[in-house]
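Worksheet for the structure shown next.
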Protein chains: 4
Amino acid sequence: MRVGILTGGGDCPGLNAVIRAIVRRGVPEYGYEFLGFRDGWRGPLEAITRPLDIPAVRGLLPRGGTILGSSRTNPFAIENGVGRIKKNLQDLGVNALVAIGGEDTLGVASELHDAGVRVVGVPKTIDNDLSGTDYTFGFDTAVNIAVEAIDRLHTTAESHHRTLIVEVMGRHAGWIALHAGMAGGANAILIPEVRFDIDQVCEWVQSRFRLEYAPIVVVSEGAMPKDGEEVLLTGEKDAFGHVRLGGVGEWLGREIEARTGKEARTTVLGHVQRGGTPTARDRWLATRFGLHAIDAVAAGQWGQMTALRGADIVTVPLHEATQQLKLVDPALYAEAAVFFG
Amino acid sequence: MRVGILTGGGDCPGLNAVIRAIVRRGVPEYGYEFLGFRDGWRGPLEAITRPLDIPAVRGLLPRGGTILGSSRTNPFAIENGVGRIKKNLQDLGVNALVAIGGEDTLGVASELHDAGVRVVGVPKTIDNDLSGTDYTFGFDTAVNIAVEAIDRLHTTAESHHRTLIVEVMGRHAGWIALHAGMAGGANAILIPEVRFDIDQVCEWVQSRFRLEYAPIVVVSEGAMPKDGEEVLLTGEKDAFGHVRLGGVGEWLGREIEARTGKEARTTVLGHVQRGGTPTARDRWLATRFGLHAIDAVAAGQWGQMTALRGADIVTVPLHEATQQLKLVDPALYAEAAVFFG
Amino acid sequence: MRVGILTGGGDCPGLNAVIRAIVRRGVPEYGYEFLGFRDGWRGPLEAITRPLDIPAVRGLLPRGGTILGSSRTNPFAIENGVGRIKKNLQDLGVNALVAIGGEDTLGVASELHDAGVRVVGVPKTIDNDLSGTDYTFGFDTAVNIAVEAIDRLHTTAESHHRTLIVEVMGRHAGWIALHAGMAGGANAILIPEVRFDIDQVCEWVQSRFRLEYAPIVVVSEGAMPKDGEEVLLTGEKDAFGHVRLGGVGEWLGREIEARTGKEARTTVLGHVQRGGTPTARDRWLATRFGLHAIDAVAAGQWGQMTALRGADIVTVPLHEATQQLKLVDPALYAEAAVFFG
Amino acid sequence: MRVGILTGGGDCPGLNAVIRAIVRRGVPEYGYEFLGFRDGWRGPLEAITRPLDIPAVRGLLPRGGTILGSSRTNPFAIENGVGRIKKNLQDLGVNALVAIGGEDTLGVASELHDAGVRVVGVPKTIDNDLSGTDYTFGFDTAVNIAVEAIDRLHTTAESHHRTLIVEVMGRHAGWIALHAGMAGGANAILIPEVRFDIDQVCEWVQSRFRLEYAPIVVVSEGAMPKDGEEVLLTGEKDAFGHVRLGGVGEWLGREIEARTGKEARTTVLGHVQRGGTPTARDRWLATRFGLHAIDAVAAGQWGQMTALRGADIVTVPLHEATQQLKLVDPALYAEAAVFFG
């Protein structure tokens with residue numbers, strides 16, 4: 001059997017570890033051949049491939065990113081996309097696909113499965129907002145990077161009288177902000193799931209200043225003030241002609257300065273959060289996802305994806321996992337709020 | 001209500017984070033007072049205390065170790081130990097205890113509970129071998145430290161022709177070796193649960209040398225060769241008059257050198273694995289254990305301990321958790337073996 | 001003799017290590033007493049002090065920031081500032097001062113020396129732009145933090161087709177950008193000493209894209225395009241009523257996107273660069289500066305500051321060190337340019 | 001012109017960065033071709049080569065180890081070694097050599113230069129014991145790794161009552177122990193240059209225990225007790241028939257336990273110290289050494305090596321640099337001793 005592998009969506013530490021595990025197990029255990037597809041769904045759509053055998057995956061375990069490249073190409077948005085994929089798979093002699101990706105990539109995988117393509121999924125998102133699995137790889141790495149930055153800011157917080165704001169990833173779900181803020185000892189954590197009240201934030205900030213220790217605010221890029229997102233519009237257009245949404249971190253800095261009369265400084269961690277070598281845990285999870293994905297292929301579990309349940313790897317239907325985002329539970333947010341102010 | 005807190009057993013990153021979370025929630029939410037007991041069970045046994053209020057726990061989140069100190073004192077091995085503890089608790093006005101520790105400390109807690117002391121437990125072991133919880137804090141930190149060391153050794157492995165052996169913690173269970181070896185890309189992982197065959201190990205080593213890349217062997221301190229532990233006896237007595245058991249890592253180095261004719265080098269990570277600041281995940285877990293432990297006190301869940309199930313914190317009976325060690329499952333070890341040789 | 005110590009200017013990893021070394025040597029070797037002044041020159045100006053003895057400096061070596069606090073107070077800008085300082089020193093029985101700081105703090109120290117105050121300086125700036133010393137502590141830490149971020153961005157650069165821009169500290173001198181860019185493998189490094197040509201930058205970026213590997217641009221916050229700083233003005237006013245200068249990193253991102261038609265992403269490292277524990281080298285340098293500073297006090301070398309020359313610590317006159325900034329030499333910048341494009 | 005490059009001796013972070021810099025500058029600036037020789041002097045001796053051009057050095061900057069491999073082969077210990085090297089260089093059309101290595105490798109280079117081979121050297125040793133240069137690359141990385149380990153041990157030292165011993169590299173010179181011990185806050189540092197008195201060490205240890213904080217002892221692998229090395233002989237023979245010298249770290253542990261009655265634990269960092277990615281400073285130094293080495297080739301500075309003087313790169317005669325080891329100065333050791341006990 002010949003199995004195709006592709007990686008879609010934003011890059012994420014652990015993608016290469018999944019690819020390596022699939023190949024390292026699939027070749028000797030099942031006698032499979034492997035073919036890498038380039039740049040997500042663009043690969044099978046345009047039949048762009050690269051060979052994948054055991055020598056090709058040597059050294060991949062600790063390497064961030066993906067040797068297969070990635071894209072956000074959606075074959076369902078392209079004329080006869082599904083037909084072209086089916087034809088290419090047939091022409092290349094590829095009998096099954098492992099698709100590694102987030103909501104979008106796995107959503108396509110789920111639909112392709114419905115259209116008769118033999119596909120198994122592996123969930124991936126540093127945002128940790130995929131349903132059906134306790135955690136996704138890449139998330140632990142992103143949180144550790146954010147916590148390391150917050151730890152460093154505490155030093156400045158001890159020596160100066162400034163509000164320090166850290167904007168972390170998380171457009172729809174606040175998992176990174178929640179974990180990093182709780183592990184980093186933040187005085188306020190603002191997440192997309194709960195619209196924040198700028199007056200309340202300033203109260204927390206002021207209460208911290210009274211302890212003679214500067215406040216640290218961790219905010220998801222997708223967090224919004226109560227008054228709505230229109231306050232974040234800058235009016236500028238970017239290179240692609242879209243009206244820019246000013247970063248919520250910068251906006252917070254300006255508002256907190258204006259309301260408290262004390263300086264504020266914003267750090268936007270950006271892509272640093274998704275780069276570099278995966279943590280031990282993310283390598284472990286990615287490796288096990290890879291091993292179980294190829295077992296799922298061997299077992300003919302089409303339309304399923306690997307998932308973490310406690311310390312076990314299980315499989316769940318793709319459509320269940322991609323139906324709705326996993327958001328932060330209010331009870332969990334209330335735990336973090338014990339440390340606000 | 002006045003609540004006592006103690007930490008027992010070996011030190012472990014995250015202990016301080018538990019203490020901080022208990023106090024930060026217990027004071028404002030429940031109006032409790034807190035008293036720290038020094039050096040594990042020695043504290044309540046000899047009434048050695050230190051005050052614990054909100055200012056006392058400031059800055060504790062990222063700090064490894066335990067501000068309360070620790071010991072392996074067992075009150076059941078001491079004449080009228082239980083009676084003395086009960087009297088001291090009464091004299092100090094302490095109505096409930098939170099005991100943070102491993103198998104021994106929680107075993108004592110469980111027996112004290114049977115003897116009528118109001119106690120809640122928090123599980124702690126870097127070895128991750130406690131039943132009843134998916135993971136314990138400290139484990140993730142230990143694994144990451146070991147993986148960082150293995151990553152560094154890969155550099156030497158690429159440039160020289162030597163077997164590199166890394167001895168990690170784990171006297172009874174191989175969790176650290178298994179996770180670190182799998183995340184570090186080891187060519188052999190030896191754990192206490194499975195007696196190893198030195199000939200098999202040398203075969204893996206030789207097979208790796210044929211790839212022109214030096215082999216890395218990760219071994220738990222408690223792993224044993226098939227021939228039995230007697231081969232590890234050095235004959236020397238240590239300062240306390242016990243016959244020394246030579247480290248299995250050193251023994252492996254000598255045997256592999258003798259059998260392969262190629263140099264071997266052993267690194268014993270030792271206490272470095274349990275020091276330093278906790279990882280983001282361990283801080284998160286320790287903090288949540290602390291929050292849920294004080295909620296368990298408030299709910300009168302005596303004889304219970306906090307536990308991780310998936311992404312949730314639950315409580316389980318102490319006696320269930322301390323009945324038997326959680327060992328590495330053979331199926332899990334077989335997953336790791338995909339990468340041996 | 002009673003010796004006062006103060007720290008001025010921005011916080012910097014290693015300040016605490018200097019304080020510790022001064023006290024650890026000064027007490028047993030010379031029998032001195034020490035008094036800490038709070039918040040830079042505000043301390044002696046307003047007689048705000050905190051006691052400093054050997055127990056007070058325990059644990060300070062690895063701690064970033066400064067336990068004495070800091071400020072940018074300038075006694076020469078305050079009515080009778082010098083007179084008040086002299087009187088306070090006399091009233092407090094302080095016979096000598098050690099001033100740890102950058103250009104401003106040491107400039108004040110130099111003038112106070114001319115005015116008859118017995119003062120010894122210790123140079124400090126993460127920007128490394130102080131004359132008279134090969135390096136200052138804090139710089140090595142800042143560069144390592146920036147390089148770690150750049151290393152992470154390389155992962156994304158391998159997987160996506162985007163220009164990645166990293167803005168680092170350095171308002172007047174490009175030392176951090178130069179070292180971090182060179183150690184991080186940047187494709188362009190822009191520093192304040194050399195006005196950059198945006199067309200040339202885009203050429204480097206394009207040449208990198210042709211290698212199928214995304215370009216990384218490291219830019220000092222103080223770097224300026226050839227056309228002058230007016231292009232960076234945003235028109236907005238900040239909370240203090242000043243017209244904001246848009247960050248050069250953000251500006252570069254917009255310009256490069258517009259000119260190359262490919263996405264660009266900017267990371268502004270900000271205060272993360274000056275926080276956290278110092279590197280080994282910064283601890284070593286800070287500790288030795290402290291030891292030699294108190295020796296200079298004992299030797300009566302007033303008006304001098306400690307300095308690094310090769311592997312040796314020497315003393316140089318304060319006024320020499322503060323006369324002009326140490327800028328990046330064009331020959332050194334040319335070395336870095338070998339790797340541009 | 002065709003230039004050969006080789007790396008000799010133990011591996012060291014930064015070797016690859018030197019190779020990259022030589023090629024990145026040598027090709028476009030001077031129009032040179034490059035040829036890599038494998039495994040130190042074995043390469044030119046046996047004409048084992050690998051091609052080296054700009055694509056071949058891509059990605060090398062952050063990678064530890066050496067893509068050229070290394071060995072301790074000495075052509076002067078081999079029949080007609082020099083003649084064979086000369087002939088091979090001629091046959092391969094190699095007009096000049098850059099030899100990157102430590103005392104042994106550069107000693108050979110110096111003698112080959114005397115024998116008429118056109119060679120330029122680049123100094124390399126993580127031990128930092130080469131004369132003629134302020135520092136060598138690899139040293140900063142080794143020291144940082146050791147300090148990170150010591151930092152972690154402090155956590156245990158705060159919680160338990162044990163002596164913690166860290167054995168670091170340094171067979172003949174104590175530079176790593178000195179820097180790491182001083183930056184890590186060790187209570188005793190033992191180096192090869194000064195025979196230690198075990199009674200004095202135990203005194204420092206006991207004095208630390210009186211502060212209720214466990215002592216940390218940093219010891220070079222080459223440090224010796226006053227009574228001589230015979231106390232370290234274990235009587236065992238290793239796989240190659242040599243009588244083993246027991247590690248000084250283990251010996252210290254046993255002696256301190258026996259004399260103080262308190263447990264001691266030894267960590268031997270071993271090869272972890274020379275692995276992994278170089279620090280920012282080592283990358284900077286290695287890169288600049290590479291750039292200046294190829295400039296030295298272009299200038300015909302045969303028999304010279306690159307060296308660091310302050311913040312400048314200079315060249316010095318190879319024979320000067322390899323005449324005698326650079327040992328720790330007693331005055332410098334006295335600075336460290338301020339913190340003993």
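Naming convention: chains lettered A, B, ... in sequence-line order (proteins, then strands); numbering from 1 in each chain. Small disclaimer: the values here were computed from a predicted structure and weren't measured.
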Considering only heavy atoms, which portion of [X] lies under 4.5 Å from any heavy atom of chain A: side chain, backbone, both, or neither?
X       : result
A17(B)  : neither
L332(B) : side chain
R25(B)  : both
L211(B) : side chain

Could you verify whether a donor N or O on one side chain and an acceptor N or O on the other, from D282(A) and T141(A), lie under 3.5 Å apart? yes

Give a yes-or-no answer on whether the side chains of T277(B) and R283(B) include a donor-acceptor pair shorter than 3.5 Å. yes

Toward chain B, the part of N144(A) with a non-hydrogen atom under 4.5 Å: both

Taking side chain as everything from C-beta outward and backbone as N, CA, C, O, which of these in A21(A) sits under 4.5 Å from a heavy atom of chain B? Side chain, backbone, both or neither. both

Could you have a look at G310(A), G185(A), A336(A) and say which one has the most heavy-atom pairs with chain B under 4.5 angstrom? G310(A)

With chain B as the partner, which of Y135(A), W284(A), F339(A) has the greatest number of non-hydrogen pairs under 4.5 Å? W284(A)

Where the side chain of [X] meets the backbone of [Y], is there a donor-acceptor pair that is under 3.5 Å apart?
X       : Y       : result
Y333(A) : I189(A) : yes
K326(A) : D134(A) : yes
N16(A)  : R63(A)  : yes

Taking every non-hydrogen pair under 4.5 Å, which of H292(B), R288(B), R309(B) racks up the most with chain A? R288(B)

Greatest number of heavy atom pairs closer than 4.5 Å to chain A - which of R24(B), M182(B), R281(B): R281(B)

For the side chain to side chain contact (heavy atoms under 4.5 Å, CB included) test, which of V217(A), V219(A), L269(A), V147(A) pairs with V166(A)? L269(A)

Result for side chain to side chain contact (heavy atoms under 4.5 Å, CB included) between I22(B) and one of V297(B), T287(B), V98(B), L291(B) points to V98(B)

